[in-house]
Colleague: 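Pasting a structure here, questions to come.
Residue numbers run from 1 in the order of the sequence given. We use all heavy atoms of the structure for the numbers below, so side chains are in, but hydrogens, waters and symmetry mates are not.
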Amino acid sequence: MDTLWIAATGARAVLQQQAVTANNLANVNTTGYRGEQAQFRALPVYGNTLPTSAYTAVQGHSADLQEGPIVHTGRNLDVAVQGQGWIAVQAPNGDTAYTRNGDLQINSSGILSTSDGRPVLGQSGAPISMPPLESVQIGSDGTISGVPVGSQPNALVVVNRIQLVNPPAGQMQRGADGLFRDTQGPAPADGTVQLAVGALEGSNVNPMQAMIQILDNTRAFEIQTKLMQTVDQNHQASTQLLNVS
């Protein structure tokens with residue numbers, strides 16, 4: 001296998017890592033965002049002799065599932081999952097998916113949704129439709145209650161309960177839409193998952209570490225491209241020597 005190609009696979013891996021790090025940095029202020037990590041693998045180069053070199057192959061991406069910081073806002077529709085767990089939402093294709101984005105809104109159709117427009121699912125697995133309410137509150141177990149329009153302040157009624165799940169971390173996989181899914185199928189509701197009400201979970205991306213990673217990636221790319229230039233120069237010098245002889 002050509003040495004130049006081996007060096008090129010290293011440069012390609014660094015570019016991939018740089019793109020992932022830049023995306024993490026862009027989401028440092030995104031509610032409930034989970035950082036992404038690029039995965040690579042060194043594979044031996046086989047030829048007529050035993051392998052003496054290795055090239056870099058891209059394995060895919062994985063998510064950093066560490067918790068982000070919880071910031072208290074006091075807003076009654078803001079919730080943050082405490083510890084492990086996820087909020088069930090409806091994905092754009094209708095599938096059940098999961099998020100840690102607890103910045104909830106009631107859209108124009110009366111559907112409880114995340115700030116990026118994903119309908120939040122109730123205990124039945126259907127989107128939560130909110131009736132006209134004078135006030136609304138969410139309990140730590142996800143129970144939604146409120147006072148219907150025109151009722152007395154003490155006429156509190158239960159509307160629904162947010163579906164909270166907690167499948168094993170190893171089963172969670174992020175999709176292209178940014179939502180997570182359980183690779184074993186929709187997870188059952190877990191009554192032990194608790195919410196911090198009037199609070200939001202921030203991104204778990206450390207901006208300082210991300211900046212340092214970008215600088216490291218830049219230096220690594222420079223080394224890889226310099227190696228490619230050196231290999232190319234050596235190849236040209238060898239060709240000239242052969243032509244002279």
Side-chain angles (χ1 to χ4, degrees), residues 20 23-24 27 30-39 59-68 70 76-131 136-146 157-197 199-205:
V20 169
N23 184 60
N24 284 341
N27 285 283
T30 300
T31 303
Y33 179 78
R34 291 291 182 263
E36 197 170 22
Q37 298 168 332
Q39 294 181 318
Q59 283 287 94
H61 298 160
S62 64
D64 175 6
L65 297 181
Q66 294 185 71
E67 297 170 36
I70 291 182
N76 60 344
L77 288 181
D78 285 346
V79 294
V81 178
Q82 298 190 91
Q84 301 298 312
W86 300 86
I87 298 169
V89 296
Q90 188 177 62
N93 62 357
D95 289 347
T96 298
Y98 305 106
T99 182
R100 300 274 294 197
N101 178 9
D103 183 7
L104 306 184
Q105 321 281 334
I106 299 175
N107 67 22
S108 57
S109 300
I111 301 297
L112 186 67
S113 307
T114 59
S115 57
D116 50 1
R118 312 302 184 197
V120 177
L121 301 183
Q123 290 298 290
S124 66
I128 297 174
S129 180
M130 301 290 290
V136 60
Q137 61 188 55
I138 300 175
S140 60
D141 63 350
T143 299
I144 305 167
S145 54
V157 298
V158 174
V159 176
N160 207 321
R161 183 176 175 182
I162 297 172
Q163 186 181 130
L164 303 172
V165 303
N166 188 21
Q171 295 179 189
M172 300 303 288
Q173 189 173 64
R174 180 169 13 216
D177 53 13
L179 298 172
F180 285 80
R181 291 170 176 79
D182 186 344
T183 56
Q184 303 302 309
D190 188 334
T192 66
V193 179
Q194 294 288 296
L195 298 175
V197 181
L200 291 174
E201 181 185 11
S203 168
N204 69 351
V205 175

Colleague: Provide the full list of side chain to side chain donor-acceptor pair (under 3.5 Å) pairs with a residue in residues 164-179, sequence neighbours left out, each pair given once.
Modeller: Gln171-Asp182, Asp177-Arg181
Colleague: What are the two closest heavy atoms between Thr143 and Val158, and how far apart are they?
Modeller: CG2-CG1, 3.8 Å
Colleague: Side chains of Gln105 and Asp103 only: does a donor on one sit below 3.5 Å from an acceptor on the other?
Modeller: yes
Colleague: Is a side-chain donor-acceptor pair under 3.5 Å present for Asn24 with Tyr33?
Modeller: yes
Colleague: Compare all side-chain heavy atoms of Asp64 with those of Asn204 and state whether any distance is below 4.5 angstrom.
Modeller: yes
Colleague: Would you indicate whether the side-chain heavy atoms of Val20 and Gln37 approach each other to under 4.5 Å?
Modeller: no
Colleague: Sub-3.5 Å donor-acceptor pair from the side chain of Ser203 to the main-chain atoms of Asn27, do we have one?
Modeller: yes
Colleague: Within a strict 4.5 Å, meaning less than it, do heavy atoms of the Leu164 and Ile162 side chains meet?
Modeller: yes
Colleague: Just verifying a value: how many Å separate Leu104 CG and Ile87 CD1, rounded to the nearest 0.5 Å?
Modeller: 6.0 Å
Colleague: Heavy-atom distance under 4.5 Å between the side chains of Pro167 and Met172, does that happen here?
Modeller: yes
Colleague: Are Val193 and Gln82 side-chain neighbours, meaning at least one heavy-atom pair lies under 4.5 Å?
Modeller: no
Colleague: Looking only at non-hydrogen atoms, find the nearest pair between Pro127 and Pro119 and report the distance.
Modeller: CB-CB, 3.9 Å
Colleague: Let me confirm one number: the OG-CZ distance from Ser124 to Arg161, rounded to the nearest 0.5 Å.
Modeller: 13.0 Å
Colleague: Are side-chain N/O atoms of Asp190 and Thr192 paired as donor and acceptor at under 3.5 Å?
Modeller: yes
Colleague: Taking only residues two or more places apart in sequence, or in another chain, which ones meet Arg118 in a salt bridge (charged side-chain N to carboxylate O under 4.0 Å, His left out)?
Modeller: none
Colleague: Yes or no on side-chain contact (heavy atoms from CB on, under 4.5 Å) for Val120 and Thr114, after CA distance, side-chain angles and deciding distance?
Modeller: CA-CA 7 Å; Val120 177; Thr114 59; 4.2 Å; yes
Colleague: Using distance only, find each side-chain donor-acceptor pair of residues 89-98 under 3.5 Å and give its atom names and separation, not counting sequence neighbours.
Modeller:
residue: Asn93; atom: OD1; partner: Asp95; partner atom: N; Å: 3.0
residue: Asn93; atom: ND2; partner: Asp95; partner atom: OD2; Å: 3.0
residue: Tyr98; atom: OH; partner: Ala187; partner atom: N; Å: 2.9

Colleague: Which pair of heavy atoms, one from Gly85 and one from Arg100, lies closest together, and at what distance?
Modeller: O-NH1, 2.7 Å
Colleague: Between Thr99 (side chain only) and Asn101 (backbone N and O only), is there a donor and an acceptor less than 3.5 Å apart?
Modeller: yes
Colleague: Could you check whether any side-chain N or O of Asn107 sits under 3.5 Å from a backbone N or O of Gly110, counting only pairs where one atom can act as donor and the other as acceptor?
Modeller: yes
Colleague: Within the 4.5 Å heavy-atom criterion, are Leu121 and Ile128 side-chain neighbours or not?
Modeller: no
Colleague: Any donor and acceptor pair, going by atom type alone, linking the side chain of Asn160 with main-chain N or O of Ile144 inside 3.5 Å?
Modeller: no
Colleague: Mind listing the closest non-hydrogen atom pair of Ile70 and Val81 along with its distance?
Modeller: CD1-O, 4.3 Å
Colleague: How far apart are the closest heavy atoms of Gly83 and Glu67, and which atoms are they?
Modeller: CA-OE2, 3.3 Å
Colleague: Salt-bridge test for Arg34 and Glu201: reply yes if a basic N is under 4.0 Å from a carboxylate O, no otherwise.
Modeller: yes
Colleague: Would a 4.5 Å heavy-atom cut-off, applied to side chains only, mark Ser145 and Val159 as touching?
Modeller: no
